[in-house]
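First comes the structure, then the notes that go with it.
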Amino acid sequence: MNVQNPEILGDDELTVPQLPALKTEIRAIVDARDAAIAKITEAAETLENAYALSKEADRLAAKAHMGRKFYGLDRSERGDFKALFRDSFDLEASVETYRQQVDASIWTYLLEHTGITEMMDVTAARAFDQDLRDEVQPVTMETLRATFADLMGNADLIFARGLATAFSKLDARFKSHDAFKLGSRMILTRVFSEYSGSFSHSGWERETIIDIERVFAKLDGMKPNGGMLMQAIEDSRRGGGYGPKQSLTESTYFRIRGFKNGNAHLWFTRDDLVEKANKVLADFYGEVIPDAAPADMDGEAFRSGSNLPAKDLQFYHSPEGVTDRLLSDLYLPEGAHVLEPSAGTGHIVRALLAKKPDVKITAVELHPDRVNQLRKLEGRNVQIIARNFLNEPTFPVYDAVVMNPPFYGTHWMDHIRHAWDFVKDGGKLVAVLPVSASVSETSKHLAFRRWAERVNGGRTWGMFTDLPPESFAECGTRINTVILTLRK
């Protein structure tokens, strides 16, 4: 996606002002900042010398009055007297604190001045704020150019991520663009208190409404209006006193009807902006062709039955953060036998060995180059099978199956169904899947979830666990993912 692509947003929409780093303004900012740090350093050194002199003066005074005090009026307790003395003064710490305050203010100004903050969703803005609380990078020509070259080069990504984040908070289906697209209406649950009629106390409702107002204003080429919709909703619900109530609020882009049960319906009033938003979502997540199947399919029907490998042997290795989460709740007894049916280059295998060195692992992989890399792990506890897993005969002998199957289309369904037949009674299957596995409403996905719930003993709680957004970013994809856990 390119937020300045006329095909998506128009010629001048979402244009981020050029960073003044290439103009005289940024040089003036850095020069003024450096001069301020130099002056405060000079002042701190003067203070350090002054406090040393005041202590020497007090020592000499003690020789003069021999420790006597005029108790009728002890002037040493007055503030103006005490201001002459300090028990300790850390020059370096004081100057560094001043430097951080100045630099944090400059970063804040420049992010606002360049329009970057208007591209950020509330979550990203809060993360930026936390970064400035934790550690403040010095403001120099080099750091400004490097930081803003990166930020402005990724302005389209920042905006797309913000749009996706905002709508995925409203409805989990937006985490998977192939599963759901913006339509004319959305249902927001538990936005208002059923008892007081006011906004719920969690805070996400306000933030999300501010976010969706912001992204639609940017899509329209307008400056975000800082929560005017939020204020209008609050104003429309003030009447009628304490208690459940209904309301209707209209703005430039939305119509929101609040109900007594705390829910709300949100209508988009600009179809052209909905179309733009969907294009941004499509580019951010990547278009995926959804599968279709009759709604009355039984538990077996979601399988394709082709036993063919995924298209182009599509492969995303499992990053360290993913393997950590995948194995975090997996109990493996001594000498456990584990199957990894989509072993790739061995990221999960290595993580399993690190977690439980005595575990016995059977790793299956079809791709010749990846098999060659897996061979380096082969040994007493690791067996490598270089074949198509979908053609392997099933034997329910494994304590656990741990897998990251191919994501293409719904090919992962075939792998999960086949892998389940390798799990012995009392065993567990854990798998990384695209988020569409848990939220997509195609009949094929619904059939898969019906089957998963049935084989999981009717348990749905904990069956799907969200992984952090962009967990596979290092692999070149921003697909949202979940962990599927099934117990036999």
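Atom set for the values below is all heavy atoms of this structure, side chains included, hydrogens, waters and symmetry mates excluded. Numbers here simply count residues along the sequence, with the first being 1. All values derive from a computational prediction rather than experimental measurement.
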Give, for atom [atom1] of [X] and atom [atom2] of [Y], the distance between the pair rounded to the nearest 0.5 Å.
X      : Y      : atom1 : atom2 : value
Leu163 : Lys218 : CG    : NZ    : 13.0 Å
Leu352 : His347 : CG    : NE2   : 13.5 Å
Asp466 : Ser471 : CG    : OG    : 9.5 Å
Leu229 : Ile209 : CG    : CD1   : 6.5 Å
Leu446 : Ser440 : CG    : OG    : 7.5 Å
Ile256 : Met230 : CD1   : CE    : 9.0 Å

Nearest heavy atoms of [X] and [Y], plus distance in Å:
X      : Y      : answer
Trp107 : Leu144 : CZ3-CD2, 3.4 Å
Thr485 : Gly462 : CB-O, 4.0 Å
Val423 : Lys428 : CG1-N, 3.6 Å
Ala351 : Thr323 : CB-CB, 3.8 Å
Ala452 : Leu486 : O-CD2, 3.7 Å
Asp421 : Lys488 : CA-NZ, 4.5 Å

Side chains of [X] and [Y], heavy atoms from C-beta outward: is any pair under 4.5 Å?
X      : Y      : result
Arg487 : Asn456 : yes
Leu273 : Phe268 : no
Leu484 : Met463 : yes
Asp399 : Val338 : no
Leu110 : Ile26  : yes
His317 : Asn404 : no
Arg449 : His445 : yes
Ile416 : Trp451 : yes

Verify the neighbour count for atom [atom1] of [X]: are there more than 12 heavy atoms of other residues, nucleotides or ligands below 6.0 Å?
X      : atom1 : answer
Glu96  : CD    : yes
Asp324 : CG    : yes
Lys223 : NZ    : no

| task | Take Ser342 and His415 through the test side chain to side chain contact (heavy atoms under 4.5 Å, CB included) and record every step on the way to the result. | result | CA-CA 9 Å; Ser342 312; His415 283 253; 3.8 Å; yes
| said: Within 45 degrees of the ring normal and closer than 6.0 Å to the centroid, is that where the cationic atom of Arg237 sits relative to Phe192? | reply: yes
| request: Given side chain to side chain contact (heavy atoms under 4.5 Å, CB included), test Thr108 with Leu132 step by step and report yes or no. | output: CA-CA 9 Å; Thr108 300; Leu132 290 183; 3.6 Å; yes
Under the rule for side-chain contact (heavy atoms from CB on, under 4.5 Å), what residues qualify as partners of [X], not counting sequence neighbours?
X      : result
Glu135 : none
Ile158 : Met119, Met120, Leu151
Pro396 : none
Phe395 : Pro393, Val397

| Is the backbone of Ser196 close enough, under 3.5 Å, to the side chain of Ser193 for a donor and an acceptor to pair up by distance? | yes
| Salt-bridge criterion met for Lys276 and Asp272 (N-O under 4.0 Å) | no
| message | Once side-chain hydrogen bond (donor to acceptor under 3.5 Å, both in side chains) is applied, do any residues pair with Thr143, and if so which ones, sequence neighbours excluded? | response | Thr140
| task | Assign the ring pair Phe167 / Phe216 to parallel, tilted or perpendicular, where the plane angle (0 to 90°) is split at 30° and 60°. | result | perpendicular
| Plane angle bin for Phe389 and Phe422 - parallel if under 30°, tilted between 30 and 60°, otherwise perpendicular | tilted
Go through the structure and list residues passing salt bridge (Lys or Arg N to Asp or Glu O under 4.0 Å) with [X], not counting sequence neighbours.
X      : result
Lys356 : Glu334
Glu275 : Lys279
Asp358 : none
Asp103 : Arg33, Arg99

Exercise answer: donor-acceptor pairs, residues 259-266 side-chain atoms, under 3.5 Å, sequence neighbours excluded:
residue	atom	partner	partner atom	Å
Asn261	OD1	Asn263	N	2.9
Asn263	OD1	Arg190	N	2.9
His265	ND1	Arg185	NH1	3.2

| said: Checking Thr410 against Phe448 for the side chain to side chain contact (heavy atoms under 4.5 Å, CB included) test, could you report, in this order, the C-alpha distance in whole Å, the side-chain angles of both residues, the deciding distance, and whether it holds? | reply: CA-CA 10 Å; Thr410 58; Phe448 173 81; over 6 Å; no
| field | Partner residues of Tyr398 under the ring pair (Phe, Tyr, Trp, His ring centres under 6.0 Å) criterion, sequence neighbours left out | value | His337
| task | Name all pairs fulfilling the ring-ring contact (aromatic ring centres under 6.0 Å, His included) condition that reach into residues 469-488, sequence neighbours left out, sorted by first residue then second. | result | Phe407-Phe472
| request: I would like to know whether Thr97 and Gln100 meet side chain to side chain contact (heavy atoms under 4.5 Å, CB included); could you show each step before the answer? | output: CA-CA 5 Å; Thr97 299; Gln100 291 181 16; 5.8 Å; no
